[in-house]
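Data block below; observations after.
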Amino acid sequence: MNTSIVVQNLKCGGCANTITTKLSTITNINNLQIDLDQSKLSFNYLNEGDLLQVKEKLKQLGYPTVEDSNSSISKAKSFVSCATDKLSK
């Protein structure tokens with residue numbers, strides 16, 4: 001199955017790289033594509049459990065879906081994730 005999710009705090013290529021790297025380790029998730037202009041993540045998944053795992057991982061990384069709350073902690077996590085990715089290059 002294919003889906004698209006709008007995520008919060010997605011600002012740059014560093015954020016996109018972090019999301020792609022972390023989500024690509026989840027079994028049954030593939031064809032990850034990120035549209036920065038629309039803050040949209042698209043991917044293929046096998047079952048609902050995989051989809052829930054992606055949403056949970058996004059929340060842990062500081063990029064909650066638009067349905068989830070965007071707390072100060074989420075914003076801080078995404079900022080750190082973005083900065084870490086930029087510094088590692």
Side-chain angles (χ1 to χ4, degrees):
M1 293 179 268
N2 183 276
T3 192
S4 295
I5 299 173
V6 177
V7 297
Q8 301 179 73
N9 306 327
L10 180 58
K11 299 172 194 73
C12 67
C15 298
N17 186 52
T18 296
I19 291 170
T20 302
T21 301
K22 299 295 184 180
L23 295 184
S24 65
T25 64
I26 299 173
T27 305
N28 301 325
I29 302 300
N30 57 53
N31 198 28
L32 289 160
Q33 298 176 358
I34 295 181
D35 181 337
L36 285 173
D37 293 331
Q38 296 183 0
S39 296
K40 189 180 345 179
L41 166 67
S42 301
F43 58 93
N44 294 330
Y45 65 101
L46 191 59
N47 58 53
E48 285 298 312
D50 300 328
L51 180 58
L52 293 174
Q53 201 172 356
V54 166
K55 289 181 176 183
E56 184 59 33
K57 184 60 133 179
L58 286 168
K59 208 184 307 183
Q60 290 171 2
L61 294 169
Y63 302 100
T65 64
V66 292
E67 295 89 21
D68 291 326
S69 67
N70 191 14
S71 67
S72 297
I73 293 172
S74 289
K75 292 174 186 176
K77 283 182 183 179
S78 69
F79 179 78
V80 169
S81 175
C82 179
T84 302
D85 184 72
K86 287 181 181 179
L87 291 173
S88 68
K89 292 183 180 188

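Atom CD1 of Ile26 is separated from atom CG of Asn28 by 10.0 Å, given to the nearest 0.5 angstrom. Taking CD from Glu67 and NZ from Lys55, the interatomic distance works out to 5.5 Å, rounded to the nearest 0.5 Å.
Think of Leu46 as one node in a network of Ile, Leu, Val, Met, Phe, Trp and Tyr side chains linked at under 4.5 Å; it has no links at all.
Screening Asn2, Asn30, Ile29 against Tyr45 for a side-chain contact (heavy atoms from CB on, under 4.5 Å) leaves a single residue, Ile29. Partner of Leu41 under the side-chain contact (heavy atoms from CB on, under 4.5 Å) criterion, chosen from Leu23, Leu10, Asp35, Val6: Leu23.
Val66 and Tyr63 are assigned to two separate hydrophobic clusters, defined by single-linkage of ILVMFWY side chains at heavy-atom distances under 4.5 Å.
In this structure, Leu36 and Cys12 approach most closely via the heavy-atom pair CD2-O, 3.4 Å. Scanning both residues, Asn47 and Met1, for their nearest heavy atoms gives CA-CE, 4.0 Å. Across every non-hydrogen atom of Ser24 and Leu32, the tightest pair is N-CD1, 3.7 Å.
The backbone N or O of Asn44 sits nowhere less than 3.5 Å from a side-chain atom of Asn31 that would complete a donor-acceptor pair. In this structure, the side chain of Thr21 does not engage the main chain of Thr18 through any donor-acceptor pair within 3.5 Å. Side chain of Gln8 to main chain of Thr65: a donor-acceptor pair is present (N/O by atom type, distance under 3.5 Å, no hydrogens or angles).
The shortest side-chain heavy-atom distance between Glu56 and Lys59 falls under the 4.5 Å cut-off.
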query = Going through the distances and angles, do Leu51 and Phe43 end up as a side-chain contact (heavy atoms from CB on, under 4.5 Å)?
reply = CA-CA 9 Å; Leu51 180 58; Phe43 58 93; 3.7 Å; yes
